[in-house]
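See below for the structure under consideration.
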There are 2 protein chains.
Amino acid sequence: MRQRILDESARLFSQDGIASTSMRQIAKECGIQAGSLYYHFKSKDEIIAEVLELGISFVADAVKAELEKLDGSAGFRELFHAAVLAHLNAFFLHRNYTATHIREFKQAPASTRIKNIKTRDAYEQLWADLFAKGVSEGVLATDIDLRFARLLLLSSMNWALEWFKPKGQRSFDELTVTIVRIFLDGCTARAASTQEDSPAAGSKQVVHSN
Amino acid sequence: MRQRILDESARLFSQDGIASTSMRQIAKECGIQAGSLYYHFKSKDEIIAEVLELGISFVADAVKAELEKLDGSAGFRELFHAAVLAHLNAFFLHRNYTATHIREFKQAPASTRIKNIKTRDAYEQLWADLFAKGVSEGVLATDIDLRFARLLLLSSMNWALEWFKPKGQRSFDELTVTIVRIFLDGCTARAASTQEDSPAAGSKQVVHSN
DNA sequence: CCTACCGATCGGTAGG
DNA sequence: CCTACCGATCGGTAGG
């Protein structure tokens with residue numbers, strides 16, 4: 001029942017917002033009485049805190065696992081592609097949790113945010129490390145503010161939940177290809193482009209700009 | 001007083017969320033009694049609707065005016081740079097309104113959203129037209145899903161309010177240069193790059209990838 | 001623009 | 001996990 005409460009809460013939070021979701025609504029969706037929620041959780045804030053934490057850790061864990069699976073042999077482009085795909089997949093798989101985290105974090109009670117900050121920072125650091133690898137491999141430009149670049153990338157991936165309607169695994173691959181292409185190579189047309197919309201792994205993508 | 005009510009509402013909405021902001025808080029910030037708000041507005045929803053509408057129209061009007069000022073002589077790169085800068089400037093100048101629009105739109109009462117949709121669609125169309133111009137000039141690639149590209153660009157600009165701390169006009173110019181650079185040319189290092197972090201106009205930026 | 005008030009709903013608790 | 005309830009606060013209104 002505890003898991004059920006979290007799932008229904010995440011769904012309602014992402015749909016109506018934390019403040020507009022009452023304990024009575026959560027209870028109703030779970031098929032129990034409002035007072036019974038306090039047998040499983042001390043307070044509404046405790047539910048909020050747990051949903052927020054899962055919203056970031058689902059994604060962070062998935063991306064971390066994917067990178068560790070590839071590390072060693074893989075180059076920056078392959079790792080980058082895999083990280084974007086893993087982020088988007090986990091993001092939409094646990095949509096109710098991640099949407100709550102993205103939309104409601106700033107307005108959540110301060111006490112519930114504290115527990116999240118460590119997880120958030122660690123996840124940002126994972127991307128910072130990846131970008132650093134891109135620089136040391138000579139793939140990423142050094143005359144760009146890579147902190148800006150990192151935040152712009154994460155912003156655009158996270159905000160995708162407002163407009164992206166996934167239709168099967170293929171659509172994730174396509175979105176990933178587009179994001180990787182734009183972020184690394186830009187939208188500008190090139191003479192004699194040999195760009196290919198290749199499969200998920202994407203690591204064989206032709207680098208046509210140097 | 002009407003304007004004052006809107007300003008304080010936008011500030012509280014963007015800070016705490018619409019649902020967590022009570023009419024009594026708004027009244028207190030305006031230095032009047034709660035009941036007096038209903039002399040100026042029929043309901044809370046009417047305040048919400050007006051704040052949301054201003055949140056999008058401030059930006060749309062600014063970008064539209066900037067493009068019309070330049071149109072005729074200007075090429076795509078110059079227009080694109082000017083549009084991004086105008087968007088960011090207006091976005092942060094009216095931060096309380098735009099942040100409310102971005103963060104709260106989906107959770108606002110359905111009746112308050114209807115009035116916004118036309119303004120939103122028109123603004124999206126403005127960018128779609130600009131991108132079409134980029135294609136017809138041969139600047140933008142045709143093998144990228146430009147709808148994705150457009151939404152990713154707007155996502156990353158809008159989400160900048162979560163992390164970008166403007167420090168004077170110069171910081172807007174820098175962010176604009178970074179966004180334009182990444183979006184058009186990507187983050188990849190190029191052999192013999194001659195990239196310049198040039199001033200606001202930016203239209204003389206060297207295209208070094210073809 | 002204020003005073004005084006309405007019914008509804010909120011998060012949470014005692015006792016079982 | 002339920003019943004019955006608490007004080008606080010909500011959006012909104014009547015009458016001035």
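Nothing here was measured: the structure is a model prediction, and the numbers come from that model. Chain letters run A, B, ... following the sequence lines, proteins first, then strands; residues in each count from 1.
Relative ring orientation between B:F131 and B:F183 is described as tilted, the plane-to-plane angle lying within the 30° to 60° band. Ring geometry, B:F58 versus B:H94: the interplanar angle falls under 30°, so the pair is classed parallel (tilted spans 30 to 60°).
For the segment residues 105-114 of chain A, no residue has any heavy atom less than 4.0 angstrom from an atom of DNA chain D. Interface residues of residues 38-53 of chain B facing DNA chain D, ordered by number: B:Y38, B:S43, B:K44; criterion, heavy-atom separation under 4.0 Å. Using a 4.0 Å cutoff on non-hydrogen atoms, no part of residues 11-30 of chain A comes near DNA chain D.
Evaluation of the salt bridge (Lys or Arg N to Asp or Glu O under 4.0 Å) rule for A:K69 yields A:E66 as partners, not counting sequence neighbours. Among residues two or more places apart in sequence or in another chain, the side chain to side chain donor-acceptor pair (under 3.5 Å) test is passed with A:T112 by none. Under the salt bridge (Lys or Arg N to Asp or Glu O under 4.0 Å) criterion, A:R170 pairs with A:E174, not counting sequence neighbours. Annotation: ring-ring contact (aromatic ring centres under 6.0 Å, His included) contacts of B:H87 (sequence neighbours excluded): B:F91, B:Y123.
Consecutive Watson-Crick or G-U pairing (both distances under 3.5 Å) extending over three or more pairs maps onto DNA chain D as C:1-16 with D:1-16.
Chain A approaches DNA chain C within less than 4.0 angstrom (heavy atoms of the protein), and the contacting nucleotides run 5' to 3' from C:dC10 to C:dT13.
Between A:Q15 atom CD and A:Q25 atom CD the span is 9.0 Å, to the nearest 0.5 Å.
Residue pairs meeting the salt bridge (Lys or Arg N to Asp or Glu O under 4.0 Å) criterion with at least one member in residues 84-94 of chain A: none, sequence neighbours excluded. Every pair passing salt bridge (Lys or Arg N to Asp or Glu O under 4.0 Å) that includes a residue from residues 11-37 of chain A is listed here, sequence neighbours excluded: A:E8-A:R11, A:R11-A:E29. The list of side chain to side chain donor-acceptor pair (under 3.5 Å) pairs with a residue in residues 55-65 of chain B, not counting sequence neighbours, is empty.
Inspection of the A:Q125 and A:D121 side chains reveals no N or O donor paired with an N or O acceptor under 3.5 Å. Checked by atom type, the side-chain pair A:E53/A:T119 shows a donor-acceptor distance below 3.5 Å.
Counting heavy-atom neighbours within 6.0 Å of A:K42 NZ, excluding the residue itself, gives a total of 12 or less.
B:R103 places no side-chain N or O within donor-acceptor distance of the main-chain N or O of B:G17, the cut-off being under 3.5 Å.
Under a 4.0 Å N-O distance rule, the pair A:R181/B:D145 does not qualify as a salt bridge.
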